A.B. asks: 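Next up is a structure, given as structure tokens.
Please read these numbers as outputs of a predicted model, since none were measured by experiment. By convention in this document, chain letters (A, B, ...) are assigned in the order of the sequence lines, proteins followed by strands, and residues within each chain are numbered from 1.
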2 protein chains.
Amino acid sequence: MMRTRPLKVALLGCGVVGSEVARIMMTHADDLAARIGAPVELAGVAVRRPDKVREGIPAELITTDATALVKRGDIDVVVELIGGIEPARSLITTAFEHGASVVSANKALLAQDGAGLHAIAEEQNKDLYYEAAVAGAIPLIRPLRESLAGDKVNRVLGIVNGTTNFILDKMDTTGAGYQEALDEASALGYAEADPTADVEGFDAAAKAAILAGIAFHTRVRLDDVYREGMTEVTAADFASAKGMGCTIKLLAICERAADGESVTARVHPAMIPLAHPLASVRGAYNAVFVESDAAGQLMFYGPGAGGSPTASAVLGDLVAVCRNRLSGATGPGASAYTQLPVSPMGEVVTRYHISLDVADKPGVLAQVATVFAEHGVSIDTVRQQGKDGEASLVVVTHHASDASLNGTVEALRNLDTVRGVASIMRVEGE
Amino acid sequence: MMRTRPLKVALLGCGVVGSEVARIMMTHADDLAARIGAPVELAGVAVRRPDKVREGIPAELITTDATALVKRGDIDVVVELIGGIEPARSLITTAFEHGASVVSANKALLAQDGAGLHAIAEEQNKDLYYEAAVAGAIPLIRPLRESLAGDKVNRVLGIVNGTTNFILDKMDTTGAGYQEALDEASALGYAEADPTADVEGFDAAAKAAILAGIAFHTRVRLDDVYREGMTEVTAADFASAKGMGCTIKLLAICERAADGESVTARVHPAMIPLAHPLASVRGAYNAVFVESDAAGQLMFYGPGAGGSPTASAVLGDLVAVCRNRLSGATGPGASAYTQLPVSPMGEVVTRYHISLDVADKPGVLAQVATVFAEHGVSIDTVRQQGKDGEASLVVVTHHASDASLNGTVEALRNLDTVRGVASIMRVEGE
């Protein structure tokens, strides 16, 4: 059964993930060959710093000319682990044009131009796989695209960024403030020197765009995703959350509207009940909760980053793409047939937890309640705490649109008796 | 792109799952067509009771002659939802021989003769998919077979039977005994009139055989799986578990031996720490925890049974098989190249929690400890409780083989001072 001519793989990028991919390809060559039905051979590795010692990788495979490598014409699969938009996009395009299929872990590129790359792949009758782009080792793209292909996904709720989950978990369990928890994450290597992409939600937003597109069989670009970071979450917010039987997570949320005619995608911190399976996802772990018509509630959990876990996802794709090449077929590509539009954040409907600093005098609650009512936002519970002429009012609403909530908050700010809006937090997963 | 000649599907069995598959095929025909690239048509439904009203299924599709249906020759995919060994096996074989691919949810048959059926499928160049056979809606077979195809799975630890998890969860949360919890499960429809297959672990053992074979790329038959039911778990066991910071679950455990040269598969109740992700799997939900070299720890969670969830898995397979037929390829089939042998239960190494009823007199602990030492079983902790001349001794061991533990227990029973062995429970997931 075994074909003897090996499938040739070009690796673009040989950092934490790439070196692990190369290592496993060499140490587990027999297993990979048995599972694919033909040997795979590392045919070239494009790097920026050719002088760096790369244990186990023969020096003659190393090149700095990635373009020449993907143009060789004998490459079966290009594994793109460079990240970023360029030169990754051009290299992938060139790879397709020169007969290769592509495995990528590049969430930024896929979120920005997945549709364009899929179109070129389809034109060239090649595969484009990228399980590693979302939530590291956790099988997510394949289950959404294939296992749930006969179902109707209504919602995807995910912890898809390990850095921010580590920070929030630390705040939750130790009572630390944001800065203190971030410092610990940095010291332990869970946060980068510049943590902006993580803590401001850019990384999660890219993953939300990819997941939403696949889940709803439509096109969702990075710009379609509402994004709010978690740098303003405070210890007081965690205390409020605990009072409600909740914790706080940075969530990527992709939803089909109630009427089924549109979808939304957003990233922001939110309270979720402690009983929700996502609430107990600790440390830098990721987890994605999927709700569909027939399957009901599913959750996928695991390490969302790191060299080995990401390499596992890359190699799973590599095996699949190699098998497809041997059988002369391609796997399921982009599916955007529903063409569902992406609605703006104002149309998202959820619940809210609002903390107000108010004057401690009679009639304040009535004034505040009137403002909510005038904007069509129904109140679930109110808690009032007062001392020394100052008071706080914590309002939890029923479901309301983001636009209505924003109108409410603006009007509240204009009330003389409201000294400030201390925090607004969405409540999800109920 | 859309092909107009529809793919023809024959449904064998139209019970809780089958009727849901048929319903979704008709109500979501456009979605399925878009995702497959061609329409799918329900071409026939084989049932035992043709007179039963089946809403939405045209009467002319109903037949009692399943064999004639699979022999028609124009059927693209046979969906086998009859269950049991025969006539399911013969019908699947006949389906392959007459040109169809097969989607099945039949765990008993796949556990007993998966290798044989895969061989026929491969001979005929057809697909055999059965995501629904293990853990209902939870994508598990596909992630193990495809997503982790480039990784090395070392262990699969699963709650794969909803009935027993419901009963154990009830015992855990309410303090109920086994019979009381079983009665409630029956009343709520979670347990069948004859619950033997569930509570004695037969159902879980079939799933363990299937999972072990796929995870380790070898052949594991039902007979290879050690099986112990959960009917003897008591409220006292739960109290002991709580004292250790554990709960009790019926687990299906598939492991690669430490030397990598063999595997084991077993089903039995076990204590697991409350901090383990499987500990918080409530009610009738299923979850499977997978440990692999590169990916690390993954968990897959969701509803493990029921008409709609199982139909979701069946339809995911149906879409995949239809796509394969359109591209003239087949998906990844059986992979048993490692030919790793399955070791007997005696070679399984784990930890144990043993409760002994002993005489309350000096020297008993020394006697007991000597017996453990003589059998090479190292003790981690001992707790002694005495009253009125009777005493109990709770021993938790370090890792030891099942054979050593059995030898120890036999010798303990022969001690004059040991009045009885109240319970032996394995401790997993640490």
A.B. asks: Below 4.5 Å from any heavy atom of chain B, which atoms of Phe300(A) appear? Answer side chain, backbone, both or neither.
C.D. replies: both
A.B. asks: Side chain, backbone, both or neither: which part of Arg282(A) has a non-hydrogen atom closer than 4.5 Å to chain B?
C.D. replies: neither
A.B. asks: With a strict 4.5 Å heavy-atom criterion, list every residue of residues 301-308 of chain A that contacts chain B, or say none.
C.D. replies: Tyr301(A), Gly302(A), Pro303(A), Ser308(A)
A.B. asks: Can you tell me which of Val319(A), Val290(A), Asp31(A) forms the most heavy-atom pairs within a distance under 4.5 Å of chain B?
C.D. replies: Asp31(A)
A.B. asks: Measuring from Gln297(B):CD to Ile138(A):CD1, what's the distance to the nearest 0.5 Å?
C.D. replies: 12.0 Å
A.B. asks: Non-hydrogen contacts under 4.5 angstrom with chain A: give the residues of residues 16-27 of chain B involved, or none if there are none.
C.D. replies: Ile24(B)
A.B. asks: I'd like to know which of Pro332(B), Ala320(B), Ala294(B) tops the heavy-atom pair count under 4.5 Å against chain A.
C.D. replies: Ala294(B)
A.B. asks: Is the CZ atom of Arg325(B) crowded by more than 12 outside heavy atoms at less than 6.0 Å?
C.D. replies: yes
A.B. asks: Highest number of heavy-atom pairs under 4.5 Å with chain A: which of His217(B), Lys152(B), His28(B), Arg323(B)?
C.D. replies: His217(B)
A.B. asks: Mind ranking Ala295(B), Gly316(B), Ser327(B) by heavy-atom pairs under 4.5 Å with chain A and telling me who comes out on top?
C.D. replies: Ala295(B)
A.B. asks: Once rounded to the nearest 0.5 Å, what's the spacing between atom CE of Met299(A) and atom OH of Tyr285(B)?
C.D. replies: 11.0 Å
A.B. asks: Quick one: which of Thr338(A), Val314(A), Leu315(A), Thr310(A) has the most heavy-atom pairs under 4.5 Å with chain B, could you say?
C.D. replies: Leu315(A)
A.B. asks: Should we say atom OH of Tyr190(A) is surrounded by more than 12 heavy atoms from elsewhere, each under 6.0 Å from it?
C.D. replies: no
A.B. asks: Testing the basics here: between Ser147(B) and Glu131(A), what is the closest heavy-atom pair and its distance to 0.1 Å?
C.D. replies: OG-OE1, 4.4 Å
A.B. asks: For chain B, find which of Gly136(A), Gly328(A), Gly150(A), Pro143(A) contributes the most heavy-atom pairs closer than 4.5 angstrom.
C.D. replies: Gly150(A)
A.B. asks: Kindly give the heavy-atom pair with the smallest separation between Ser312(A) and Leu148(B), and that separation in Å.
C.D. replies: OG-CD2, 3.7 Å
A.B. asks: Looking only at heavy atoms, what is the nearest atom pair of Pro139(A) and Leu298(B), with distance?
C.D. replies: CD-CD1, 4.0 Å
